[in-house]
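Worksheet for the structure shown next.
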Amino acid sequence: MAEAQSWRATRRGSNPRLLDSNDHLVLDIPATPTHEFRKGTPSPFFVFLPTLPPTVTTAAIIASWYFSNIGVLLLNKYLLSFYGFRYPIFLTMLHMLSCSIYCYFAIACLRLVHLQHIVSRRQFFKIFALTAIFCFSVVAGNTSLRYIPVSFNQAIGATTPFFTAIFAFVITCKKESAEVYMALVPVVLGIVVATNSEPLFHLFGFLVCIGSTAGRALKSVVQGIILTSESEKMHSMNLLLYMAPLAAMILFPVSLYFEGNVAAVLVEKARKDWFIVFLLIGNATVAYLVNLTNFLVTKHTSALTLQVLGNGKAAVAAFVSVLIFRNPVNVMGMVGFGVTVSGVVLYSEAKKRTKQTTV
């Protein structure tokens with residue numbers, strides 16, 4: 001029997017039409033489903049969870065995504081502006097350490113996704129380059145929260161499509177349709193109106209937030225360029241697994257240089273008020289949940305749905321932050337924010353129609 005199986009494997013593997021130049025099977029022959037899969041158990045992560053209707057499960061995941069995204073923004077703002085923990089680089093490093101630990105647990109233990117490995121030194125340096133851009137974007141975004149309200153931060157962050165279009169054109173010479181470029185006009189116009197009418201406008205905070213938004217757009221463009229081959233493509237969870245510890249290693253010496261010995265300051269603060277330890281652990285955990293729920297929303301809906309939900313998330317985050325922190329707002333500021341979000345919605349629709357016409 002063993003000899004027959006070996007002979008069949010050799011015969012199938014010897015067919016040149018099923019092999020590429022690297023002797024990898026091109027035709028993916030699926031394995032026989034396991035007993036657990038046939039019974040409907042999708043992964044070990046869901047073994048101990050009650051069976052819920054798909055609609056309820058999707059709604060719960062979307063609610064968790066909103067909660068984690070808005071929660072990490074509010075916690076960052078509270079820590080950096082109200083609690084007196086003025087170390088945004090160290091805080092970002094804690095986020096990356098948290099993502100490293102939780103991501104390894106989710107992939108290696110819970111097996112949410114298949115573990116992928118870095119296949120070459122070249123791929124490692126590409127991931128390292130992405131990590132450097134990612135670090136700049138996150139640190140700049142957290143730093144801006146020290147100086148500007150969350151509502152203004154979200155209004156600026158909504159202009160990400162504008163910077164994405166610019167970087168895509170400059171780096172890859174990719175041109176969009178006239179409809180797409182026209183949709184970017186209200187995106188920019190709205191942020192100009194919101195900036196001119198922002199009661200708590202801070203020039204440094206504004207510039208740093210613009211830098212964070214541009215960095216986020218640059219990362220998405222660069223990621224699409226340097227991880228394009230089939231051997232280098234990575235699932236978002238695996239990419240985070242490798243980027244997070246690299247980011248922590250980059251941010252640690254930067255934090256020491258610009259912020260001093262924060263660890264000693266943290267120990268001293270913890271002796272006087274242990275609540276800061278709880279805040280930092282909770283903040284770092286929610287920071288990972290942002291990435292986890294982002295993956296789950298995409299898995300249970302689609303990337304387009306995630307984009308649409310993201311547009312609404314910015315408005316909800318701005319509204320909740322005003323209720324909690326009581327930062328002043330005016331009519332023109334709300335109008336500007338609304339125009340920007342409307343422009344982003346138009347941009348998404350224009351991109352979708354462009355893709356449909358090119359297919």
Side-chain angles (χ1 to χ4, degrees), residues 9 12-13 18-34 36-37 41-47 61 64-65 68 92-93 95-138 172 215-251 284-285 287-307:
R12 182 168 60 184
L18 302 182
L19 298 174
D20 61 11
S21 58
N22 295 320
D23 294 335
H24 294 140
L25 280 173
V26 176
L27 181 60
D28 184 19
I29 302 175
T32 302
T34 62
E36 290 78 7
F37 183 83
T41 306
S43 77
F45 177 67
F46 298 100
V47 170
I61 290 172
S64 301
W65 183 68
S68 58
T92 307
M93 187 193 72
H95 289 178
M96 295 301 102
L97 289 175
S98 169
C99 287
S100 302
I101 297 170
Y102 286 123
C103 206
Y104 179 81
F105 180 76
I107 294 176
C109 300
L110 300 181
R111 289 178 287 172
L112 286 183
V113 297
H114 177 69
L115 177 62
Q116 295 173 281
H117 299 282
I118 297 177
V119 298
S120 65
R121 184 179 299 179
R122 180 180 179 182
Q123 186 186 19
F124 171 79
F125 284 114
K126 287 180 178 182
I127 294 175
F128 186 84
L130 277 178
T131 303
I133 301 172
F134 178 68
C135 286
F136 169 78
S137 175
V138 177
T172 67
R216 188 161 56 247
L218 178 61
K219 175 186 172 291
S220 65
V221 173
V222 172
Q223 182 173 333
I225 296 172
I226 66 178
L227 295 177
T228 54
S229 68
E230 288 299 324
S231 62
E232 293 180 343
K233 281 184 179 179
M234 273 195 170
H235 190 280
S236 59
M237 294 284 286
N238 280 279
L239 188 59
L240 180 64
L241 176 65
Y242 293 111
M243 287 179 61
L246 285 175
M249 288 190 293
I250 293 174
L251 293 172
T285 301
Y288 169 71
L289 290 177
V290 171
N291 296 279
L292 176 61
T293 54
N294 185 85
F295 154 67
L296 292 175
V297 169
T298 306
K299 179 180 178 181
H300 285 78
T301 57
S302 66
L304 179 61
T305 302
L306 181 69
Q307 192 175 32

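When a residue number appears, it is its place in the shown sequence, counting from 1. These values consider heavy atoms only, across backbone and side chains, with no hydrogens, waters or symmetry-generated copies.
Distance check: Ser98 OG to Leu289 CG gives 8.0 Å after rounding to the nearest 0.5 Å. Atoms OG1 and CG, on Thr131 and Leu240 in that order, are 9.5 Å from each other to the nearest 0.5 Å. Taking OH of Tyr104 as the start and CG of Leu115 as the end, the distance is 8.0 Å to the nearest 0.5 Å. The CZ atom of Phe136 sits 12.0 Å away from the OG1 atom of Thr92 when rounded to the nearest 0.5 Å. In this structure, CG in Leu218 is found 11.0 Å from CD in Gln223, a value given to the nearest 0.5 Å. Note that CD1 of Ile101 and CE of Met96 are 12.0 Å apart. Values are rounded to the nearest 0.5 Å.
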side-chain contact (heavy atoms from CB on, under 4.5 Å) between Phe124 and Leu246, intermediate numbers included: CA-CA 10 Å; Phe124 171 79; Leu246 285 175; 4.0 Å; yes

Chi angles and distances behind the side-chain contact (heavy atoms from CB on, under 4.5 Å) call for Phe128, Ile250: CA-CA 10 Å; Phe128 186 84; Ile250 293 174; 3.9 Å; yes

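Heavy-atom minimum distance, Ile127 versus Met243: CG2-CG, 3.8 Å. Closest of all the heavy-atom pairs between Ser100 and Leu241 is O-CD1, 4.3 Å. The two residues Ala247 and Cys135 come nearest to each other via the heavy atoms CB-SG, 3.4 Å. What you find for Tyr288 and Ala106 is that their closest heavy atoms are OH-CB, 3.4 Å. When every heavy atom of His117 is checked against every heavy atom of Tyr242, the shortest pair comes out as CA-OH, 3.3 Å. Residue Met93 comes nearest to Ala248 through the heavy atom pair CG-O, 3.8 Å, listed as atom of the first residue, atom of the second, then distance.
Between Leu251 and Val138 the shortest side-chain heavy-atom distance does not fall below 4.5 Å. Side-chain contact between Met234 and Ile118 is present, with heavy atoms from C-beta onward closer than 4.5 Å.
With hydrogens and angles ignored, the 3.5 Å screen pairs a side-chain donor or acceptor of Ser220 with a backbone N or O of Ala217. A side-chain donor-acceptor contact under 3.5 Å links Asn238 to the backbone of His114. Of the possible polar contacts, one joining the Ser68 side chain to the Ser64 backbone as a donor-acceptor pair under 3.5 Å is found.
Ring orientation note: the planes of Phe295 and His235 are nearly perpendicular, at an angle over 60° on the 30°/60° scale.
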